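One structure below.
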Amino acid sequence: MSTQRKPFPFDEFEPRWQAHWETAKTFATPNPGTPGFDAAKPKYFVLDMFPYPSGAGLHVGHPEGYTATDIIARYRRRCGCQVLHPMGWDAFGLPAEEHARKTGEHPRINTENNINNFRRQLKRIGFSYDWDREVNTTDPSYVKWTQWIFLRLYHSYFDEVTGKARPIAELEAQGLDRDAIDARRLAYVAEAPVNWCPELGTVLANEEVEEWRAKGNTVERRPLKQWMLRITAYAQRLIDELDGLDWPEGIKLLQKNWIGRSEGAEVDFRIGQETVTVFTTRPDTLFGATYMVLSPEHPLVETITAPEQKEAVDRYRKACASKSDLERTELAKEKTGVNTGGVAVNPVNGEKIPVWIADYVLMSYGTGAIMAVPAHDERDHEFAKQYGIPILEVVRAPIGNTDTCFTGNGIAINSGFLDGLPTPEAKAHIIAWLEDKGLGKKMVNFKLRDWLFSRQRYWGEPFPIVWRNGRHEAIPESDLPLLAPALEDYKPSGSPEPILSKATEWVDCGGGVTRETNTMPQWAGSCWYYLRYCDPANADAFVGAEAERYWLGANGTNGGVDLYVGGTEHAVLHLLYARFWHKVLHDLGHVSTAEPFQKLVNQGLILGEDGQKMSKSRGNVVNPDTVVDEHGADALRLYEMFMGPLEQVKPWSMKGVEGVFRFLARVWRLALETDQNGEWQLRPALAPTGMEPTTRRIVHQTIKKVTQDIDAMSFNTAIAQMMVCTNELTRLEVLPVEALGLLLQVLNPFAPHLTEEINALVGPAYPGILPAELAHAPWPAWDEAALVEDEVEIVVQVNGKLRDRLTVARTAENAEIESRALALDKVREHTEGQTIRKIILVPGRLINIVAN
RNA sequence: GCCGCCAUGGCGAAACCGGUAGACGCAACGGACUUAAAAUCCGUUUGGGGAAACUCAGUGUGGGUUCGAGUCCCACUGGCGGCACCA
């Protein structure tokens, strides 16, 4: 016997309903061609970003998005949709490997423990996932298809003419040699300066560097042979094909900025016998180029350097090479560089200009060389002032400009045949001129770099690749999945050499053939998991064609997942990578649409009670288990949604949980009360009678508001309306079972356990009124006629200020309202001695009398 | 520095397409029930003035459009997020 009686016995009925849903397979979703599938029903695929199962378990931030999608899933099912609502595990990753390294235990063991804990926690919250479709990126049957997709990339190239991926076999048929083919694969090997992190014993992708550096690790540049994915080939499509997607504009913009398209021209400069090509977005300023800068790594630096400058140049290049990226940017407060002594000829006017090297020019962007126009580029301006290089103005700024270095659009001056042209025309004109003379051409560049795809870790997918005579080749698909062998220990080797190279027997395939020892990054598994959910047990394909077409096919939209909910932290990388893979698979005919996610919604971060970001070190992490223990799963779900708009950042409040918990208790007490013995009994106030018009109105208003708010994902206001409705019903002396039933029906997606329990308790006592089980009950429709009120309150304003109110019949004529308003004491008072100029009447809302 | 988002009571927040600012919840205060407390129920709660009816002010700041602005426009300020020598 508990010391304090619970306001309602959630601890008893919540696990019972969860067990029922599991054994009855209430939320299992049939695929086309399997029993129970109904081709007549529309489909709805609602997806959560699957979690990395960390050792810490869930925190209350996880169930925010999950609750939102669960409400949608339960609602859509009841609206007659076939709903795909799955969950799985992004289970490769560093923490499990760190654990393995400390304990010597295979990372799979720790990973599985963590998954079991996550699954237990999620099931306690009553999410309606189809657990038969659970996927795990570390499962051999999943790894198999991740590797299979990698091989599709490996065996493909990007055809510039059609803008699509095509099989490598086509190049072979054209008679291209091996080197030419390898140079075009979507998955290729490159010697690249990589971000080597000694503490982790791995190389990081550019975009991961900051995260790990922030955690106190060091990152240095080292040249290494790496697998790369040619995502840059898709840069334009990754921008263009955002267009039809129902994503937040901010996220689209983030992606576009990340891809960083810029239009300009390439221009050839002669330096002695050599030609150096530069990229510029301002070819119209070509006459203002007073020097040229090459990146220190530029291959022509050696050739063009004058003998007397050689020593200084070499010293500078060496200094740059030893600097990390961080140093190069952080120490960039002051620009540095060295004159090579080389002289370039400006193709437009034959002027001789000095050639410098400076580390503010990056080898990895454009051509690694620029023409410097110090009058109209802030970086060049700063550099020129530093080294006393002439600054020549070639664009006249509009009147009123105060910038010392004007970078906007203006009128060309000091520019020969361009003089007098506005910037856009000058650009077009000079490009045409350059193209005509064969000295340059129009050019588009992207900031996006190819994706560094290999890691030197153990706990990731091994590449399905072997090396023979210094060349890579794919292993047969029949050998997939290729799994890493268990190791004696999981400590990194301390060199960029991958950990898997310690598995000498596994690496050696005999006959001089060795295995690739790099593994894939964690992104690999998360790039396609939404596809696997459609057909998780398929042993013959990563997804069956029919299942893919049904769940992801286009029907009036771009197709793909109907609703994808997750955090903004994945706004760029995960979403960009997944889109890239999806497009490749689409080009090759393996999926039916070009885009994977039709609608995207970002949930806002949940902060700790102190308004700070939740973290172990701050000690402000809230575990959903605690909330479920004390207030139940329904209260947790409801609070997650009641806090505020889904997209918004908002702090947790245990008091707030108590508030919604009290609301749920009120709903419970609509139907039940305790008798002398403290047992729950049906309330005598319940009656199988019809609803009075006022009751009917509030109930139908609630159905309407909740329905529309779920569609708009405005869950907080839906809950507020249900609270209003509950407060109204509480006041009734006789509570019609029908009214209670309708409230339970709309509350059901939010609080599924409580509503099912009350429904099951009340239903049998009043046969024929309530549905047998809410999960299977059709979503109720509201009766618009029940909403109309006979009388409406009209606000009366004088000169826009509220002066009085007027209750009029809904059908009242405008003239009648006007005369009644003008007759009001308050109105007379405020219009006394004035002339009425105008009367504005908004039907059913207000009347504004303008007088002076 | 550039780009994006946000700003409403003591707190989380509502407010359709420009039309009663503050719904709903938290906290606080008052009352009922109780020996008492908890729980529950009822009520008050933007600020100033007033005994009250009422009245003035009020959605980060300053301007504008409009009969009417939290909402639209311009210029600021503050906070959050992203990018950061990308030529």
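Each chain gets a letter, A, B and so on, in the order its sequence line appears, and its residues count up from 1. None of these values were measured; they are calculated from a predicted model.
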Whole-Å distance between [N] [atom2] and [X] [atom1]?
{"X": "Trp652(A)", "N": "rC26(B)", "atom1": "CH2", "atom2": "C1'", "result": "14 Å"}
{"X": "Glu334(A)", "N": "rC85(B)", "atom1": "CD", "atom2": "C1'", "result": "14 Å"}
{"X": "Glu728(A)", "N": "rC24(B)", "atom1": "CD", "atom2": "C1'", "result": "13 Å"}
{"X": "Leu607(A)", "N": "rC80(B)", "atom1": "CG", "atom2": "P", "result": "11 Å"}
{"X": "Glu249(A)", "N": "rC3(B)", "atom1": "CD", "atom2": "P", "result": "17 Å"}
{"X": "Asn852(A)", "N": "rC67(B)", "atom1": "CG", "atom2": "P", "result": "12 Å"}
{"X": "Lys256(A)", "N": "rC2(B)", "atom1": "NZ", "atom2": "P", "result": "22 Å"}
{"X": "Trp668(A)", "N": "rU40(B)", "atom1": "CH2", "atom2": "P", "result": "16 Å"}

> Taking for each residue the nucleotide of RNA chain B bearing the nearest heavy atom, is the 5' side occupied by Val724(A) or by Asn799(A)?
Replying inline: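 Per heavy-atom nearest nucleotide, the more 5' residue is Val724(A).
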How is [X] classified with respect to the nucleic acid when contacts are heavy atoms under 4.0 Å: base, sugar-phosphate, or nothing?
{"X": "Asn727(A)", "value": "sugar-phosphate"}
{"X": "Lys826(A)", "value": "sugar-phosphate"}
{"X": "Ser262(A)", "value": "sugar-phosphate"}
{"X": "His830(A)", "value": "sugar-phosphate"}
{"X": "Arg261(A)", "value": "nothing"}
{"X": "Leu254(A)", "value": "sugar-phosphate"}
{"X": "Gly659(A)", "value": "sugar-phosphate"}
{"X": "Lys447(A)", "value": "base"}

Find the partner of [N]: check Watson-Crick (N1-N3 plus N6-O4 or O6-N4) and G-U wobble (N1-O2, O6-N3) distances, both under 3.5 Å, and reply none if neither fits.
{"N": "rC2(B)", "result": "rG82(B)"}
{"N": "rG70(B)", "result": "none"}
{"N": "rA36(B)", "result": "none"}
{"N": "rA52(B)", "result": "none"}
{"N": "rC41(B)", "result": "rG31(B)"}
{"N": "rA7(B)", "result": "rU77(B)"}
{"N": "rA21(B)", "result": "none"}

Among [options], which nucleotide has an atom closest to any side-chain atom of [X]?
{"X": "Trp258(A)", "options": "rC83(B), rA87(B), rC67(B)", "result": "rC83(B)"}
{"X": "Asp359(A)", "options": "rC85(B), rA27(B), rA87(B)", "result": "rC85(B)"}
{"X": "Tyr365(A)", "options": "rA57(B), rC24(B), rA87(B)", "result": "rA87(B)"}
{"X": "Arg803(A)", "options": "rC67(B), rC41(B), rU55(B)", "result": "rU55(B)"}

> Can you tell me how far P in rC80(B) sits from the matching atom in rC74(B), rounded to whole Å?
Replying inline: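 Nearest-Å result for rC80(B) against rC74(B) at atom P: 25 Å.
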>> Could you tell me how far rU45(B) sits from rG22(B) if I compare only their P atoms? Round to whole Å.
In response: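 Roughly 11 Å separates the two P atoms.
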Is [X] close enough to [N] that one of its side-chain N or O atoms is under 4.0 Å from OP1 or OP2 there?
{"X": "Arg662(A)", "N": "rA27(B)", "result": "yes"}
{"X": "Arg731(A)", "N": "rC42(B)", "result": "yes"}
{"X": "Arg666(A)", "N": "rC41(B)", "result": "yes"}

Heavy atoms, side chains only, cut-off 4.5 Å: are [X] and [Y] in contact?
{"X": "Met654(A)", "Y": "Val622(A)", "result": "yes"}
{"X": "Gln255(A)", "Y": "Leu238(A)", "result": "no"}
{"X": "Leu822(A)", "Y": "Ile839(A)", "result": "yes"}

>> If you compare all heavy atoms of Ile836(A) against all heavy atoms of Ala851(A), which two are closest, and at what distance to 0.1 Å?
In response: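 Looking at all heavy atoms of both residues, the closest pair is CA-CB, 4.1 Å.
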> Is it true that Arg282(A) and Asp377(A) make a salt bridge, defined as a side-chain N closer than 4.0 Å to a carboxylate O?
Replying inline: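 Answer for the salt bridge query: no.
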> Do the charged groups of Glu829(A) and Lys826(A) touch, with an N to O distance under 4.0 Å?
Replying inline: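 Looking at Glu829(A) and Lys826(A), the cut-off is not met.
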>> Syn or anti for rG62(B)? Use the chi torsion, O4'-C1'-N9-C4 for purines and O4'-C1'-N1-C2 for pyrimidines, with syn inside 90° of 0.
In response: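 Chi for rG62(B) falls in the anti range.
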> Within the side chain of Asp268(A), is there an N or O that forms a donor-acceptor pair under 3.5 Å with the backbone of Thr277(A)?
Replying inline: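 Looks like no, no N/O pair under 3.5 Å.
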>> Using the rule given for side-chain contact (heavy atoms from CB on, under 4.5 Å), can you reason through Lys256(A) versus Ile259(A), listing the C-alpha separation, both sets of side-chain angles and the distance that settles it, and then say yes or no?
In response: CA-CA 5 Å; Lys256(A) 283 180 189 168; Ile259(A) 296 165; 5.8 Å; no
> Do Phe446(A) and Tyr234(A) have their ring centres less than 6.0 Å from each other?
Replying inline: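 Judged by ring-centre distance (under 6.0 Å), Phe446(A) and Tyr234(A) do not meet the cut-off.
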> What about the rings of Phe383(A) and Tyr291(A), do their centers lie closer together than 6.0 Å?
Replying inline: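 So the answer is yes for these two rings.
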> Tell me, for nucleotides 12-21 of chain B in 5' to 3' order, what letter each nucleotide earns: B for a base near a protein heavy atom under 4.0 Å, S for only sugar-phosphate near one, - for neither?
Replying inline: BSS-B--BB-
